[in-house]
Amino acid sequence: MKLKFDRRGFLQKASLTALTTALGTEIVFANKLPKNYIPFVFGEKDALKDKNSAMIVLGDRPWNVETPVDLLDDRITPVEKMFIRNNGLIPEKLDASTWTLTIDGESAQKSKTYTLADLKKRFKHYTYQLVLECGGNGRSGFQPQTSGNTWGQGAVHCAQWTGVRLKDILKDVGIKSDAVYIGYHSNDIHLSRDPKKEAISRGVPIAKALEDETLIAWQLNGKDIPEFHGFPLRLVIGGWPASVSGKWLSRISVRNKVHDGAKMEGHSYKIPKNPVMPGEDVPQTDEYFKIIESMPVKSLITYPKTGAIIPAGKEVELRGHAWAGDLSVKTVHISIDFGATWQACKLEEAANRLAWQHWNAKVQLPVKGYYEVWVRATDSNNVAQPMVIPAWNPGGYLNNACERIALKAE
Ligand SMILES: Nc1nc2c(c(=O)[nH]1)N[C@H]1C(S)=C(S)[C@@H](COP(=O)(O)O)O[C@H]1N2
Ligand SMILES: [Mo]
């Protein structure tokens with residue numbers, strides 16, 4: 001079926017009839033369909049069938065596993081529902097009893113090595129819930145497609161991490177006044193198995209490294225960090241692309257320049273400084289690209305899930321989470337009529353800075369038919385999520401367009 005729009009960009013009557021037949025139900029707010037808008041279940045096979053959700057394996061060498069959005073319903077993401085993003089292979093030897101962390105670099109006063117036991121004994125422990133979202137989360141929404149994992153919107157989690165503050169360790173070592181950045185080094189294996197190559201070695205400016213919530217963690221949700229997520233030690237930095245949270249952490253270098261490790265080069269985790277044409281080949285230099293720092297405002301509907309069948313006329317509860325990088329979320333709104341009108345949701349405070357915030361709302365789907373629920377969050381700087389896919393960029397990063405689910409009222 002090919003849908004046709006009239007001169008003004010509205011769905012032609014014949015197309016609407018065809019859609020109704022395909023969906024097996026009326027589109028209730030069809031008169032509110034925005035110009036050139038195709039109900040999103042169209043083309044998604046079986047999208048209106050309430051199937052069981054399971055983790056989606058995008059690849060196994062390296063492991064990349066995505067979480068279906070409805071499985072992110074928990075307030076604190078359980079380990080088995082956390083997406084996995086590996087750039088290399090998991091280290092073959094993972095022994096907590098012999099594991100060490102070394103602090104070095106041209107801007108460290110000295111080089112110092114701690115055992116895991118030292119870290120636990122010498123520094124105060126802290127626990128925070130932190131949002132870790134892959135910079136490429138949502139990449140599948142960009143046209144043309146870019147290289148990289150074609151994540152839907154499920155490469156995000158907010159788990160609870162326990163460890164010591166990086167700033168306390170850096171104070172113990174001493175950092176020089178010219179320190180501007182930190183870079184992590186990990187024990188995972190490059191896909192080529194070349195021991196001289198690192199799978200990934202990224203970092204953050206010193207100010208972000210010294211924030212209270214920047215942890216060197218050994219626990220995830222109250223237990224040892226599982227192998228896939230960085231056992232036995234991990235750098236955890238909330239609100240920024242999750243690629244700065246180094247797993248299987250063995251070393252942190254205090255740098256007097258922007259860290260230049262693997263995946264800091266080219267356009268990795270960078271976006272163009274100025275808008276570019278979709279598909280444009282932009283020179284991969286600092287003149288054209290900037291490193292992604294705080295992630296943009298975003299929200300998810302985690303209940304119900306697309307395809308759910310709801311009794312018409314009865315009140316249903318919707319819920320989800322919203323987050324905004326280093327900022328907080330000020331408001332969350334939902335629409336059931338394709339964005340014509342919006343309703344404010346109840347929004348909770350974050351458990352701590354850099355944790356996601358839970359929202360909920362009650363709606364009534366007035367008559368039977370097809371509905372879409374759209375959610376839109378606004379951050380503490382009054383910046384809202386875009387309704388449509390934001391600026392295309394060569395790495396396919398930062399797609400924070402409004403999330404939608406499709407529901408059927410019966
Ligand atoms: N050592 C190491 N750390 C890493 C990675 C990696 O491949 N190796 N992947 C990074 C990326 S790109 C992401 S999105 C997150 C994923 O964290 P998770 O697998 O625990 O969800 O880990 C980051 N830390
Ligand atoms: Mo990532």
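When a ligand or atom number is given, it counts from 1 through the structure's own listing order.
Scanning the protein heavy atoms around atom 17 (O) of ligand 1, the nearest turns out to be R234 NH2, 3.0 Å. If you check which protein heavy atom lies closest to atom 3 (N) of ligand 1, you get K247 N, 2.9 Å. Annotation: atom 10 (C) of ligand 1 to nearest protein heavy atom, S243 CA, 3.7 Å. Among all non-hydrogen protein atoms, the one lying nearest atom 24 (N) of ligand 1 is S245 O, 2.9 Å. The nearest protein atom to atom 13 (C) of ligand 1, hydrogens excluded, is given as R85 CG, 3.7 Å; this is a heavy-atom distance. Among all non-hydrogen protein atoms, the one lying nearest atom 8 (N) of ligand 1 is D188 OD2, 2.6 Å. Regarding atom 23 (C) of ligand 1, its nearest protein heavy-atom neighbour is A242 O, 3.3 Å.
Near S186, meaning under 4.0 Å from one of its heavy atoms, ligand 1 places the atoms 1 (N). With ligand atoms numbered from 1 in the order given, ligand 1 contributes 5 (C), 6 (C), 7 (O), 9 (N), 10 (C), 12 (S) to contacts under 4.0 Å with heavy atoms of N87. Which parts of ligand 1 touch W248 is read off a 4.0 Å heavy-atom cut-off, strictly below it: atoms 1 (N), 2 (C), 8 (N). Atom numbering of ligand 1 starts at 1 in the shown order; those under 4.0 Å from a heavy atom of H157 are 18 (P), 20 (O), 21 (O). Atoms of ligand 1 found under 4.0 Å from any heavy atom of Y269, numbered from 1 in the order shown, are 12 (S). Those atoms of ligand 1 that come under 4.0 Å of a heavy atom in C134, given as number and element, are 14 (S).
Looking at K247 and N86, their side chains do bring a donor and an acceptor atom within 3.5 Å of each other. Using modelled atom types, one finds no donor on one side chain facing an acceptor on the other under 3.5 Å when comparing W151 with N64. In this structure, a donor-acceptor pair under 3.5 Å is absent between the side chains of H259 and S253. Using modelled atom types and a 3.5 Å distance limit, the side chains of Y184 and R234 yield no donor-acceptor pair. Between D172 and Y114, the side chains place a donor N or O and an acceptor N or O closer than 3.5 Å (distance only, hydrogens not considered).
In terms of polar-atom proximity, defined here as any N/O pair under 3.5 Å, F83 does make such a contact with ligand 1. An N or O contact shorter than 3.5 Å is missing between N86 and ligand 1 by distance.
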- request: Would you sort out whether T127 and W161 count as a side-chain contact (heavy atoms from CB on, under 4.5 Å), showing the intermediate values?
  value: CA-CA 5 Å; T127 297; W161 300 89; over 6 Å; no
field: Test side chain to side chain donor-acceptor pair (under 3.5 Å) applied to S140 and T150, step by step
entry: CA-CA 5 Å; S140 62; T150 48; over 6 Å; no
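Electrostatic pairing of K270 and E293 does not count as a salt bridge here, judged by no charged N lying under 4.0 Å from a carboxylate O.
In this structure, A199 falls outside the shell of residues with a heavy atom less than 4.0 angstrom from ligand 1. Ligand 1 lies less than 4.0 angstrom from a heavy atom belonging to I200.
At least one donor-acceptor pair under 3.5 Å links the side chain of N137 to the backbone N or O of A155.
Shown are P394, P283, S268; of these, the side-chain contact (heavy atoms from CB on, under 4.5 Å) with F289 is made only by P394.
Within a 6.0 Å radius of NZ in K362, no more than 12 heavy atoms belonging to other residues, nucleotides or ligands are found.
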